[in-house]
2 protein chains.
Amino acid sequence: MVRRTGDRATSGRVRVLALLLAEQRAITHHEIEERLSGGRRLDRVTLYRVLEWLSEKCLVHRVVNDDRVWRFRANAHSDTHQHAHFKCTRCTTVICLDDPQAAYDGPLPAGYRLQEIELTVKGLCAACA
Amino acid sequence: MVRRTGDRATSGRVRVLALLLAEQRAITHHEIEERLSGGRRLDRVTLYRVLEWLSEKCLVHRVVNDDRVWRFRANAHSDTHQHAHFKCTRCTTVICLDDPQAAYDGPLPAGYRLQEIELTVKGLCAACA
DNA sequence: TGACGTATTGCAACAAAGTTGCGTTTACTA
DNA sequence: TAGTAAACGCAACTTTGTTGCAATACGTCA
Ligand SMILES: [Mn+2]
Ligand SMILES: [Mn+2]
Ligand SMILES: [Zn+2]
Ligand SMILES: [Zn+2]
């Protein structure tokens with residue numbers, strides 16, 4: 001997947017993408033860093049750059065959250081990223097709701113053009129409920 | 001409105017809420033600080049605390065954005081905050097779409113409980129389109 | 001297989017946004 | 001109007017992410 005982009009297949013890119021593909025949810029830069037602790041260490045700046053590159057190449061996407069921390073998830077689901085996210089208000093876990101439900105039919109002000117939709121459902125996860 | 005909460009009506013709380021009520025959109029801590037420059041200055045830490053207090057008391061709400069900067073808007077619309085936001089991907093302006101459209105009918109994993117919905121529609125505003 | 005040029009990395013320093021601790025001031029109460 | 005707790009101002013700190021630059025490693029081509 002990394003090589004198919006035409007850019008260099010570095011060990012950082014491969015390891016981070018593999019890790020995110022294995023993980024089935026959106027995780028933070030910090031969590032990724034921890035899981036990478038075995039093996040040759042990856043500088044945190046490099047990790048930021050790897051994640052930015054993976055996002056640009058659409059191999060990964062960012063999930064926004066009101067704790068000001070980005071979360072990243074592999075785009076196993078290849079096509080347009082139009083699904084919703086669930087965020088637990090107690091343990092702050094974020095999962096992807098792989099449901100084509102995320103749509104917006106309502107009106108926009110005149111002249112506004114829609115590009116993308118981001119739906120976050122907040123609540124309690126099973127463990128916290 | 002401030003006094004009705006039972007807590008103290010300080011000049012900071014009153015000035016910031018008045019400012020946000022006048023403004024018809026979500027603005028940042030930084031923008032609020034600028035608009036407050038006339039009159040007795042308000043320390044930025046105090047402003048953070050005022051905004052936190054206003055949020056707790058539901059006189060204001062936070063709007064999340066992927067630039068990692070919170071925006072605040074007065075809750076003129078009193079009831080539950082269930083509407084959508086529009087964010088221009090070019091000029092980063094955020095507006096509230098006062099439309100009861102923000103709902104989620106899709107399924108959640110077993111045991112999950114829904115509390116609140118946050119829908120962000122991204123695109124270009126009239127000025128940027 | 002080995003040398004080469006450039007994309008990528010690691011490090012140190014920086015920046016923005018928000019938080020914490022603590023002594024001083026202010027708003028409410030009596 | 002005095003007493004008191006809540007709120008404020010300031011300085012220092014934390015977290016999250018960014019920038020500049022010299023060192024290194026990836027992919028290519030001899
Ligand atoms: Mn997702
Ligand atoms: Mn709103
Ligand atoms: Zn939870
Ligand atoms: Zn715009």
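By convention in this document, chain letters (A, B, ...) are assigned in the order of the sequence lines, proteins followed by strands, and residues within each chain are numbered from 1.
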Separation of [N] [atom2] from [X] [atom1] (nearest whole Å):
X: A/D66; N: D/dT16; atom1: CG; atom2: C1'; value: 15 Å
X: B/R44; N: D/dT14; atom1: CZ; atom2: C1'; value: 12 Å
X: A/L47; N: D/dT18; atom1: CG; atom2: P; value: 12 Å
X: A/D7; N: D/dG27; atom1: CG; atom2: P; value: 10 Å

Evaluate the side-chain proximity of [Y] to [X]: yes if any heavy-atom separation is below 4.5 Å, no if none is.
X: B/V64; Y: B/R62; result: no
X: B/R13; Y: B/D7; result: yes
X: A/D66; Y: A/K87; result: yes

Note to self: Can you tell me if B/R13 touches the phosphate of D/dA7, counting only side-chain N or O atoms and a distance under 4.0 Å to OP1 or OP2?
What the structure shows: yes
Checklist line | 5′-ward residue of the pair B/R3/B/D67 relative to DNA chain C | finding: B/D67
Item checked: First of A/D43 and B/Y48 reached from the 5' end of DNA chain C, by closest nucleotide -> A/D43
N/O donor to acceptor pairs below 3.5 angstrom from side-chain atoms of residues 36-46 of chain B, sequence neighbours left out:
unit_1 : atom_1 : unit_2 : atom_2 : d
B/S37  : OG     : B/E34  : O      : 2.8
B/D43  : OD2    : B/V45  : N      : 2.9

Check: Taking any atom under 4.0 angstrom from a heavy atom of chain A, which nucleotides of DNA chain C are the first and last to qualify, 5' to 3'?
Finding: C/dG5 to C/dG18
Next item on the list: Map B/R8 and B/R40 onto DNA chain D by nearest heavy atom, then report which one ends up closer to the 5' terminus.
Entry: B/R8
Check: For DNA chain D, whose closest nucleotide is more 5', that of B/R68 or that of A/V45?
Finding: B/R68
Next item on the list: Just do the side-chain contact (heavy atoms from CB on, under 4.5 Å) check on A/H85 and A/R73 with the steps written out, would you?
Entry: CA-CA 11 Å; A/H85 295 116; A/R73 189 183 200 234; 5.8 Å; no
Check: Which is true for A/V69 with a 4.0 Å heavy-atom rule: it touches a base, it touches only sugar-phosphate, or it touches nothing?
Finding: sugar-phosphate
Note to self: Using a 4.0 Å heavy-atom cut-off, does B/T10 contact any base of the nucleic acid, only the sugar-phosphate backbone, or nothing at all?
What the structure shows: sugar-phosphate
Margin query: Between A/T5 and A/L59, does the side-chain contact (heavy atoms from CB on, under 4.5 Å) criterion hold? Intermediate values first, please.
Written below: CA-CA 10 Å; A/T5 65; A/L59 296 174; 4.1 Å; yes
Margin query: Looking at A/E23 and A/R35, is there a salt bridge between them, counting it only when a charged N and a carboxylate O are closer than 4.0 Å?
Written below: yes
Notebook entry, point to check: Which one, D/dT19, D/dT18, D/dC8, comes nearest to the side chain of B/T46?
Noted result: D/dC8
Check: Nearest to the side chain of B/R41 - D/dG17, D/dG9, D/dC10?
Finding: D/dC10
